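We count residues from 1, following the sequence as given. Keep in mind that what you see is a predicted model, and the values were worked out from it rather than measured.
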Amino acid sequence: PSQIESVKVRVDGKIYETKYVPVEAGIGYSSTVRLPRGKATNVEVIVTMKNGLIIRAFKTYTFR
């Protein structure tokens with residue numbers, strides 16, 4: 001966690017900020033996002049490290 005500068009979540013082009021939440025089992029971040037019903041939605045998590053490296057992860061969710 002000391003090397004992470006920021007964590008953001010992008011849903012349908014809108015970026016949601018996150019906040020650090022300490023947890024016993026490792027790194028924890030929290031963000032509240034809105035997903036449309038009945039549609040497959042791509043969610044992207046963007047982690048910016050202090051050394052400038054940017055890490056991205058993608059997942060598709062369908063909220064029914």
Peer 1: Taking the side chain from Ser31 and the backbone from Glu17, do they hold a donor-acceptor pair closer than 3.5 Å?
Peer 2: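 Such a contact is found between Ser31 side chain and Glu17 backbone.
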Peer 1: Identify whether Ile46 and Tyr29 are in the same connected component of the hydrophobic contact network (ILVMFWY, side-chain heavy atoms under 4.5 Å).
Peer 2: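 Per the 4.5 Å side-chain linkage, Ile46 and Tyr29 are not co-clustered.
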Peer 1: Spell out, as yes or no, whether a donor-acceptor pair under 3.5 Å connects the side chain of Thr18 to the backbone of Val7.
Peer 2: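 Confirmed, Thr18 side chain pairs with Val7 backbone.
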Peer 1: Side-chain atoms of residues 53-64: list all donor-acceptor pairs with protein atoms under 3.5 Å, sequence neighbours left out, distances to 0.1 Å.
Peer 2:
unit_1: Arg56; atom_1: NH1; unit_2: Glu44; atom_2: OE2; d: 2.8
unit_1: Thr60; atom_1: OG1; unit_2: Asn42; atom_2: OD1; d: 2.7

Peer 1: Can you tell if the side chain of Met49 reaches within under 4.5 Å of the side chain of Ile4, non-hydrogen atoms only?
Peer 2: yes
Peer 1: At their closest point, which heavy atom of Thr32 faces which heavy atom of Tyr16, and how far apart are they?
Peer 2: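 Closest approach of Thr32 to Tyr16: O-CD2, 3.3 Å.
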